[in-house]
S.K.: 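Before I ask anything, let me first share the structure, which is written out below as C-alpha cells.
The chains referred to below are lettered A, B, ... by the order of the sequence lines, with proteins before strands, and numbering in each begins at 1. Everything numeric here is computed off the predicted structure, so don't read it as measured data.
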Protein chains: 2
Amino acid sequence: MTNSTGRQRAARQSDVAALAGVSQSAVSRVISGDADSRIPEETRKRILDAIATLGYVPNPIARNLRGKRTQLLGVHTFEALFPNARESFYFQFLLGIEERAEETRHDLVLFSSTGDGGGARKIYRDETNRLTIADGSVLLGMSPDRDELARLWHEGYPFVHIGRREVLGAPFPCIIPDYRRAAAEIVRRLFDHGHRSFAFVRESIEGEPYEDRRDGYRSAVTELGIRDSSPGFLSDESGLSDAVLDGFADGSVTAAVVESERIAETLRERLTARGLSIPGDVSVAVLEDTAGAGVRWDDLRIPRKQIGRIAVDRLIEMVEDPDAPRESVLVACEVVEGETIASVRAAVRSGSAAGPDGSAR
Amino acid sequence: MTNSTGRQRAARQSDVAALAGVSQSAVSRVISGDADSRIPEETRKRILDAIATLGYVPNPIARNLRGKRTQLLGVHTFEALFPNARESFYFQFLLGIEERAEETRHDLVLFSSTGDGGGARKIYRDETNRLTIADGSVLLGMSPDRDELARLWHEGYPFVHIGRREVLGAPFPCIIPDYRRAAAEIVRRLFDHGHRSFAFVRESIEGEPYEDRRDGYRSAVTELGIRDSSPGFLSDESGLSDAVLDGFADGSVTAAVVESERIAETLRERLTARGLSIPGDVSVAVLEDTAGAGVRWDDLRIPRKQIGRIAVDRLIEMVEDPDAPRESVLVACEVVEGETIASVRAAVRSGSAAGPDGSAR
DNA sequence: CCTTGTTGCTCATACGTAGTAGCACCGCAT
DNA sequence: ATGCGGTGCTACTACGTATGAGCAACAAGG
C-alpha cells in the first residue's frame with residue numbers, strides 16, 4: 001500500500017470488480033459511461049465506491065491499445081528546441097500548441113529521443129516510428145529528409161506541418177505564414193512611399209518559405225510595373241554585391257527588401273561604410289520578424305502562437321476524421337511599421353547622394 | 001497501402017510472421033534481439049525482409065503494456081507554460097530537461113490536459129492520473145494541493161520535484177536551488193563591504209523557496225553578529241514599511257536584502273522619492289535572478305537548465321531502480337555582481353544623509 | 001403455460017507485444 | 001535401442017481495457 005519498498009502493482013479494473021462483486025466488464029462499462037448498458041444505480045454506486053477505496057486510475061495505455069485515442073498530440077521538431085539561436089523561435093509555436101492542447105484536453109509529446117544528442121532529429125530511427133504513440137503530430141522546423149515525410153504520409157499517420165513543405169506524392173496539410181502576401185504588401189507600402197526602383201537581397205538558404213517571399217516580391221513588382229534592380233536575385237549568393245550597393249549610392253535604387261534581419265544588419269553596416277543612412281538614403285524592409293534589439297525595422301510579424309493553435313485544430317480534425325480533406329492553411333502575417341521606411345522625397349532631401357529623384361533611370 | 005482513403009491498419013508482428021512463414025514469437029525475438037533464442041541467420045534474414053517490405057514499426061504502446069518502459073518522461077507544470085509573466089521561467093527548465101532527455105533517448109510528455117483552460121492544473125482529474133503514461137515525471141511550479149503530491153508518492157509513482165516542497169509522509173526528492181547558501185553569501189558580501197546594519201525586505205508570498213532565503217539570511221546575520229533591523233521580517237506584510245525607510249534615511253541601516261525584483265523596484269522608487277540613491281546611500285541585493293532590463297542588481301542566478309538536467313537524471317535513476325534512495329539535491333546558485341552594492345565608506349562619502357558611519361546606533 | 005421483451009449483468013475476444021515453457025527433430029554417444 | 005543435449009522454432013499466456021454477443025431472471029401479455 002505504501003511506498004516503503006518501491007512500487008507495487010496499481011489497481012486495475014479486475015481488482016475493482018472483485019471488491020464490488022461484479023465482473024470486469026461491468027466496471028469498464030461504468031467507467032466509460034456506456035449509455036446503453038443498463039447498470040442500475042445501486043451497482044454503479046458499489047463500483048464507484050470500490051474505485052475510490054482502491055484508488056483505481058484507468059490506464060490510458062491499455063485504453064489506447066484497445067483502439068481508443070491516447071489524447072496525446074505529438075510535437076516533432078527536426079532540431080532540438082534548445083540550441084536554436086533565437087530562443088523563442090520554437091517556443092512561440094509551442095505556446096500556441098500548448099494553449100490549444102489544454103483547451104481540447106490533450107497532452108503533448110515532445111519527441112526528443114530520435115536526436116543524435118547534437119540537434120538533428122529523425123522521424124524514423126532504428127526502423128521505429130515513435131510518433132505512433134500520439135494520435136497525430138505537429139511537425140516543425142527544417143526537415144532535411146523529405147523521404148521521411150513521404151513515408152509518414154504514406155503510412156496514413158495524421159500530421160500537419162508548420163511552414164510550407166512540398167513533397168511529391170505526399171500532399172499533407174501545412175500551416176503556412178502567408179509570406180507571399182506580406183512581401184507583396186511590403187512592396188506596395190514602399191511603392192506608396194514613392195519608391196520605384198527596388199533591390200531584393202536574398203538569403204543563401206533555399207526552401208519553400210523563401211520561395212514564397214521571393215514569389216510575393218516578384219509578382220508585386222511585376223504587377224506594379226516597378227523596376228527591380230536585383231543583381232543577385234536569381235543567383236545563389238547572399239546578394240549583397242557591390243553592384244547593388246553602387247545602385248544605392250548613385251540613387252538609382254531607393255528601396256531594399258531583404259529576407260532576414262541578419263542580412264539587413266550587414267546591409268546597414270555596408271551602407272554606413274559608404275556614408276549612406278537608413279531610411280534617409282535607402283528605405284529597407286525585412287521579410288521576417290526581427291528581434292527588435294537594435295534597429296526598429298519595418299518588417300512583418302509571424303503569428304506563431306496563432307499558427308500553433310491552428311495546427312492543433314487541423315490535426316485534431318484529421319485524427320477524428322481520417323477522410324477529411326487535407327488542405328493547407330494560409331495565415332496572414334501582419335506588416336509592421338518600423339523606422340526604416342521613408343518616402344522618396346524625404347530621402348532625396350536629407351540624402352547626401354547626388355542622384356536624381358526616385359523615378360529617374 | 002496508400003493514403004488515399006484514410007488510415008489503414010498498421011502492420012504488426014503477426015503480419016510479418018505470416019509473410020515470413022514463421023510464428024509471431026519468432027518475429028518478436030528477432031526484433032527485441034533476444035540473445036539466447038536460437039534463430040538461425042537464414043530465418044532471421046527472411047523476417048527482416050518481411051519487416052522491410054511491410055514497413056513494420058513496433059508499437060511502443062503495446063510494448064509498454066507488456067511491462068516495458070515507455071521511454072517517456074512526463075513534465076507536469078502546475079500552471080500552463082504560457083500565461084506566466086516571465087516567459088522564460090518554465091522554458092529554461094524545459095531546455096535542460098529536453099537536452100538531457102534527448103541524450104538519454106527519452107521523449108517528453110507535457111501534461112496539459114488537466115488544465116481548466118485558464119491555468120491551474122491538477123494531477124488527478126476525474127479520478128484519472130494521466131502521469132502513468134510516462135515512466136516517471138518531473139513536477140514543476142507552485143502546487144496548490146499538497147495532497148495530490150502525497151497521493152502520487154503513496155502510489156509509488158516515480159517523480160521528482162523542481163524546487164523544495166515538503167509534504168508530510170511523502171519524502172519525494174526535490175531538486176533545490178540553494179537559496180540558503182546564496183542568501184548567506186550575499187550577506188557575507190555586504191559584510192565584506194563594511195555593512196553592519198541590514199534590513200530584510202520580504203515578499204508577501206509563503207513557501208519553501210522563501211523560507212530557504214529567510215533561513216539563509218537569518219543564520220548568516222546571526223553568525224556574523226550583524227545587527228538586523230527588519231521590522232517586517234516576521235510579519236506578513238511585504239515589509240516596506242516607513243520604519244524601514246526611516247532607517248535608510250537616517251543612515252542607521254545601510255544595506256537591504258530583498259526577496260524579489262518587484263520589491264527591489266518598489267524600494268528604489270521609495271528611496272528616490274526620499275532623495276536617496278542606490279548604491280550611493282543604500283546597498284541593495286536581490287535574492288532572485290533579475291530580468292536585468294533596467295537596473296543591474298546584485299543578485300543570484302538560478303541555474304535552471306542545469307536543474308532541469310539533474311532532475312531528469314535523478315528521475316531516470318528512480319525509474320530504473322525503484323528502491324534507490326530518494327534524496328533531494330541542492331544546486332548551487334551563483335551570486336552575481338551588479339551595480340547596487342557599494343562599500344559603506346563610499347556610501348557615506350557620496351551620501352547626502354547626515355547619519356553617522358555604518359556602525360553607529 | 002408459452003411467448004416476448006426488458007433488465008442486469010457476464011463471457012469471450014481483440015488490441016500488439018514479450019517472455020516462459022516446451023515440443024519436435026536431429027546427431028551423437030552409450 | 002536408448003538416452004542426451006542441442007537446435008529451431010511454436011504455443012500460450014499476461015499486460016489492462018472495451019465491446020459485441022449472449023444468458024439468466026423476471027414481468028407482462030396472450
Side-chain angles (χ1 to χ4, degrees), chain A residues 7-47 50-51 54-71 126-130 132-133 135 155, chain B residues 7-47 50-51 54-71 126-130 132-133 135 155:
Chain A
R7 191 165 190 192
Q8 100 287 6
R9 194 173 61 72
R12 43 186 163 190
Q13 287 186 353
S14 54
D15 298 328
V16 175
L19 182 57
V22 293
S23 75
Q24 175 262 324
S25 337
V27 176
S28 171
R29 305 210 119 98
V30 166
I31 286 167
S32 30
D34 196 343
D36 54 333
S37 74
R38 305 288 86 207
I39 306 266
E41 199 49 43
E42 193 228 345
T43 316
R44 185 186 165 68
K45 175 132 193 353
R46 231 176 34 218
I47 291 175
I51 285 176
L54 289 180
Y56 165 83
V57 288
N59 180 334
I61 296 282
R63 226 176 203 158
N64 165 255
L65 183 58
R66 192 55 232 279
K68 293 297 225 192
R69 307 264 70 106
T70 2
Q71 299 293 102
D126 303 335
E127 284 307 303
T128 296
N129 170 13
R130 294 267 298 171
T132 53
I133 298 175
D135 295 337
E155 284 178 0
Chain B
R7 191 164 189 192
Q8 99 290 4
R9 197 172 59 70
R12 45 187 160 184
Q13 288 187 353
S14 54
D15 298 327
V16 175
L19 183 57
V22 294
S23 74
Q24 174 263 324
S25 333
V27 176
S28 172
R29 308 212 111 92
V30 166
I31 286 166
S32 26
D34 195 344
D36 53 335
S37 72
R38 305 286 90 208
I39 306 267
E41 199 49 42
E42 193 228 344
T43 315
R44 184 186 165 69
K45 177 131 192 351
R46 230 173 35 215
I47 292 175
I51 286 176
L54 289 181
Y56 164 84
V57 288
N59 180 335
I61 296 282
R63 225 176 206 163
N64 166 255
L65 184 58
R66 193 56 234 289
K68 294 297 226 189
R69 306 264 71 105
T70 6
Q71 299 294 101
D126 302 335
E127 285 306 303
T128 296
N129 169 12
R130 295 267 297 170
T132 53
I133 298 176
D135 296 337
E155 284 178 0

S.K.: Which whole-number value in Å describes the distance from A:Ile133 CD1 to C:dT17 P?
M.R.: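 Distance check: A:Ile133 CD1 to C:dT17 P gives 13 Å.
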S.K.: With sequence neighbours left out, what residues match A:Arg44 under salt bridge (charged side-chain N to carboxylate O under 4.0 Å, His left out)?
M.R.: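 Salt bridge (charged side-chain N to carboxylate O under 4.0 Å, His left out) list for A:Arg44, sorted by chain: A:Glu41.
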S.K.: Can you tabulate the close N/O pairs, meaning under 3.5 Å, that link protein atoms to atoms of nucleotides 23-25 of chain C?
M.R.:
none

S.K.: Does anything in residues 14-30 of chain A form a salt bridge (charged side-chain N to carboxylate O under 4.0 Å, His left out)? List the pairs, not counting sequence neighbours.
M.R.: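 Passing the test, one end in residues 14-30 of chain A: A:Arg9-A:Asp15, A:Arg29-A:Asp34.
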S.K.: Rounded to whole angstroms, how far apart are CG on A:Asn64 and C1' on D:dA18?
M.R.: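 Spelled out: CG on A:Asn64 to C1' on D:dA18 is 12 Å.
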S.K.: Distances under 3.5 Å only, N/O to N/O: pair up the protein atoms with those of nucleotides 3-5 of chain D.
M.R.:
none

S.K.: Please state how far atom CD1 in A:Ile47 lies from atom P in C:dG8, giving the value in whole angstrom units.
M.R.: 13 Å
S.K.: Could I get the full list of side-chain contact (heavy atoms from CB on, under 4.5 Å) partners for B:Ser23, not counting sequence neighbours?
M.R.: B:Ser25, B:Ala26
S.K.: Grab the CZ-C1' distance between A:Arg29 and C:dT7 for me, whole Å please.
M.R.: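 Rounded to the whole Å, the gap is 13 Å.
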S.K.: Within this structure, what is the CD1-to-C1' distance between A:Ile39 and C:dT10, rounded to whole angstrom?
M.R.: 10 Å
S.K.: Nearest whole Å is fine: how far is D:dC15 P from B:Arg66 CZ?
M.R.: 8 Å
S.K.: Could you check which of C:dG8, C:dG19, C:dA12 has an atom nearest any side-chain atom of A:Ser25?
M.R.: C:dA12
S.K.: A:Ile61 has an atom CD1; how far is it from atom C1' of D:dT17, in whole Å?
M.R.: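 Taking atom C1' of D:dT17 as the reference, CD1 of A:Ile61 is at 12 Å.
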S.K.: What residues in residues 14-24 of chain B put a non-hydrogen atom under 4.0 Å from any atom of DNA chain C?
M.R.: B:Gln24
S.K.: How close or far is atom C1' of C:dA14 from atom CG of B:Asn59, stated in whole angstroms?
M.R.: 14 Å
S.K.: Output all residues satisfying side chain to side chain donor-acceptor pair (under 3.5 Å) with B:Gln24, sequence neighbours left out; order by chain, then residue number.
M.R.: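 Result, side chain to side chain donor-acceptor pair (under 3.5 Å) vs B:Gln24: B:Gln13.
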S.K.: If you check the B:Pro40 side chain, which of D:dG8, C:dC9, C:dT7 turns out closest?
M.R.: D:dG8
S.K.: Check whether any side-chain heavy atom of B:Val27 sits under 4.5 Å from a side-chain heavy atom of B:Tyr56, and report yes or no.
M.R.: no
S.K.: Look at the side-chain N and O atoms of B:Arg63 and state whether any lies under 4.0 Å from the OP1 or OP2 oxygen of C:dA18.
M.R.: yes
S.K.: Which residues pass the side-chain contact (heavy atoms from CB on, under 4.5 Å) test with A:Thr43, not counting sequence neighbours?
M.R.: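 Applying side-chain contact (heavy atoms from CB on, under 4.5 Å) to A:Thr43 gives A:Val22, A:Ile39, A:Pro40, A:Arg46, A:Ile47.
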